Amino acid sequence: MRKIYALLDCNNFYVSCERLFAPGLNGKPVVVLSNNDGCVIARSNEAKALGIGMGEPFFKCRRQLAADKVRVFSSNYPLYADISHRVMTVLARLEPEVEIYSIDEAFIRLPAADPAVLRETGRRIRATIGREIGIPVSIGFGATKTLAKVANRLAKRQPEHGGVFVLADREIDTMLASVPVAEIWGIGRRSAAKLALGGITTALALKNAEDRRLRRQLTVTGLRTAMELRGIPCLPLEQCPPPSQSITTSRSFGRPVYEPAELKEALATYVGIAAEKLRAQRLTTGSLQVFLATSRFGAQQRQYANSTVVTLPSPCASTTELIRHAAKALQHIFRVGHAYQKVGVILLELTPAGRLQPNLFQAQPDQRQEALMAAMDTINHKWGRETLHSAATGLLRDWKNRQNRKSPAYTTSWHELPLVG
DNA sequence: TCTGGGGTCCTAGGACCC
DNA sequence: TCTGGGGTCCTAGGACCC
């Protein structure tokens, strides 16, 4: 049976989450900042209308934001993750074939049908999520994932469609002619520039471009995108997420850091978070990469960035053991005198826990360690991250980043429940 | 003063092997 | 002294995504 794809996308997701618990923000300009209050990463429509750009550094637009009375929030990921989960749960109840693609997007696959029928399906999903969760969403339908993305963009940009748009076969070319090629999913800045040299500036021109040339200029990924625009599905619906291949944790510091002791504390903290994610997915890591860097900006100081990979003696998921290896790796790449801006860790070679290849010299995995980690995860899950943490992560933690405008964790912390009246 | 964090996939080129 | 061809694996870097 012929299938059709839909993309559901939460409108201005982080801003919509903030508005859920502060309805006074509806109709007002609102933005949400990235970690460390660095850049603007979500904007309400009112904020977009004021000309605030996506990814704009906060320090550059700070005065404009204040002058225009824009409400500014630090990002509150526990809140957004929880609301996302609720939206996806409702969607999964309504539709059997769903791929959760990101925190605010999901692909749906459903039997092909008359555009009017699809439109009705879209409206029903949209209304149900709006009623039960309170998050506004847009839904676009198309013959492939890439076309569904295009349809979603039209649903969002053209209010007359009421948030739902079906890209019917006969109007595809007319629509694609009006879409700049850079806005197609999978075509970034670099590819768009390459294509422009050959006169390809619209999605329609990409659709009609010659295969050999696409293959050469943009590799198979570019060719796949063009095929998808032609209505030939090349990207499958991934209903169960494939297991992670790597887990990264890193943060920018709130101020430049010079002291190795502070770097070590920060690194231990991130290793602890990464290891917790690792255990939550029931994985172990076979090697880890430690990296550190000075700021990419500010030409006045010397820049330095380096990284190193450590292979572990045997696969491991213990915070304390990983901290030990990471600290040793850090010593290798640390150079005195630099103004460091960030440090981080990547866990690699992830394999399912339980089927360990034990080290020849270590008869069996350390069961006391495992029990300790399990207890720590349980406590932290119940009482909040880092209720219990390794002493290596420090007590003073003066290096921590800034988050001066954070809303409460309304739905995930007993201490921060919203008050009524 | 102040510029995020976490991922995936693809390719070219080098090392190594037979 | 000169001279082949085919294959795998690994890594770094580029590009893209949200």
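Naming convention: chains lettered A, B, ... in sequence-line order (proteins, then strands); numbering from 1 in each chain. Just so we're clear, the structure is a prediction, and the values are computed from it rather than from any experiment.
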*OP1, OP2 of dT1(B) versus side-chain N and O of Arg62(A): anything below 4.0 Å?*
no

*Take atom C1' in dG4(C) and the same atom in dC16(B), then report the distance between them in whole Å.*
16 Å

*Hey, does the side chain of Ser244(A) come within less than 4.0 Å of dG7(B)'s phosphate (OP1/OP2), counting only N and O?*
no

*Measure the distance from CD on Glu105(A) to P on dG6(B) and round it to the nearest whole Å.*
19 Å

*Options dC10(B), dC18(C), dG6(B), nucleotide nearest the side-chain atoms of Tyr101(A)*: dC18(C)

*When you get a sec, tell me which of dC18(C), dA15(C), dT11(B) is the closest nucleotide to the side chain of Asp104(A)?*
dC18(C)

*Taking only side-chain nitrogens and oxygens of Arg402(A), does any of them come within less than 4.0 Å of OP1 or OP2 of dT1(B)?*
no

_Rounded distance in Å - CD1 (Ile103(A)) to P (dG5(B))_ = 16 Å

*Calculate the interatomic distance between Lys156(A) atom NZ and dC18(C) atom P; express it in whole Å.*
10 Å

*Under 3.5 Å: donor-acceptor pair, side chain of Ser318(A), backbone of Glu321(A)*: yes

*Are Arg43(A) and Glu56(A) within salt-bridge range, i.e. N to O under 4.0 Å?*
no

*Could you check whether Asp37(A) gets within reach of a base, just the sugar-phosphate, or nothing at all, counting any heavy atom under 4.0 Å?*
nothing

*Looking only at side-chain atoms of Phe59(A), point me to the closest of dT3(B), dG4(B), dC18(C).*
dT3(B)

*Contact class for Lys149(A) vs. all strands (heavy atom < 4.0 Å): base, sugar-phosphate, or nothing?*
sugar-phosphate

*Both distances under 3.5 Å, Watson-Crick or G-U wobble: report the partner of dC18(B), or none.*
dG5(C)

_Distance, rounded to the nearest Å, where Ile41(A) contributes CD1 and dT3(B) contributes P_ = 15 Å

_Minimum-distance nucleotide to Ser246(A) side chain [options: dG5(B), dC18(C), dT8(B)]_ = dT8(B)

*Do any side-chain nitrogens or oxygens of Thr219(A) fall under 4.0 Å of OP1 or OP2 in dA15(C)?*
no

*asked:* Whether the Asp82(A) and Thr412(A) side chains hold a donor-acceptor pair (N or O, under 3.5 Å, no angle test) is what I'd like checked.
replied: no

*asked:* Less than 3.5 Å apart, any donor N or O on the side chain of Gln281(A) or Ser244(A) sitting next to an acceptor on the other?
replied: yes

*Grab the CD-P distance between Gln217(A) and dT11(B) for me, whole Å please.*
15 Å

*Kindly assign one of parallel, tilted or perpendicular to the pair Phe334(A) and Tyr340(A), based on the angle between their ring planes and the thresholds 30° and 60°.*
tilted

*asked:* Categorize Ser295(A) for me: base, sugar-phosphate, or nothing, with a 4.0 angstrom heavy-atom threshold over every strand shown.
replied: nothing

_Quick check: on DNA chain B, is the nucleotide nearest Arg224(A) upstream (toward 5') of the one nearest Lys60(A), or the reverse? Name the residue that is more 5'._
Lys60(A)

*Tell me: OH of Tyr77(A) to C1' of dG7(B), nearest whole Å?*
13 Å

*Please determine, by modelled atom types, if Thr311(A) and Ser287(A) share a side-chain donor-acceptor pair under 3.5 angstrom.*
no

*asked:* Is there a side-chain contact between Gln245(A) and the phosphate of dC9(B), meaning an N or O under 4.0 Å from OP1 or OP2?
replied: yes

*Rounded to whole angstrom units, what separation is found between the CG atom of Leu278(A) and the C1' atom of dG7(B)?*
16 Å

*Lys277(A) or Cys39(A): which one's nearest nucleotide on DNA chain B is closer to the 5' end?*
Cys39(A)

*From dG6(B), dG4(B), dC10(B), pick the nucleotide closest to the side chain of Ser252(A)?*
dG4(B)

*Between dC17(C) (C1') and Arg153(A) (CZ): distance, integer Å*: 17 Å

*Between Arg224(A) and Cys234(A), is there a donor-acceptor pair closer than 3.5 Å when you use the side chain of the first and the backbone of the second?*
no

*What does Leu33(A) touch in the nucleic acid at a heavy-atom separation under 4.0 angstrom: a base, only the sugar-phosphate, or nothing?*
nothing

*Remember a base hit wins even if backbone is also touched, and classify Arg255(A) as base, sugar-phosphate or nothing at under 4.0 Å, heavy atoms.*
nothing

_Students often get this wrong, so: under 4.0 angstrom with heavy atoms, is Ile184(A) touching a base, only sugar-phosphate, or nothing?_
sugar-phosphate

*Please check the phosphate of dG7(B) (OP1 and OP2 only) for any side-chain N or O of Thr248(A) closer than 4.0 Å.*
yes

*Which part of the nucleic acid, if any, lies within contact of Ile346(A), taking any heavy atom under 4.0 Å across all strands shown: a base, the sugar-phosphate backbone alone, or nothing?*
nothing

*Answer yes or no: does a side-chain N or O of Lys342(A) lie under 4.0 Å from OP1 or OP2 of dT3(B)?*
no

*Determine: side-chain N/O of Arg216(A) to OP1/OP2 of dT11(B), distance under 4.0 Å, yes or no.*
no

*How is Ser191(A) classified with respect to the nucleic acid when contacts are heavy atoms under 4.0 Å: base, sugar-phosphate, or nothing?*
sugar-phosphate

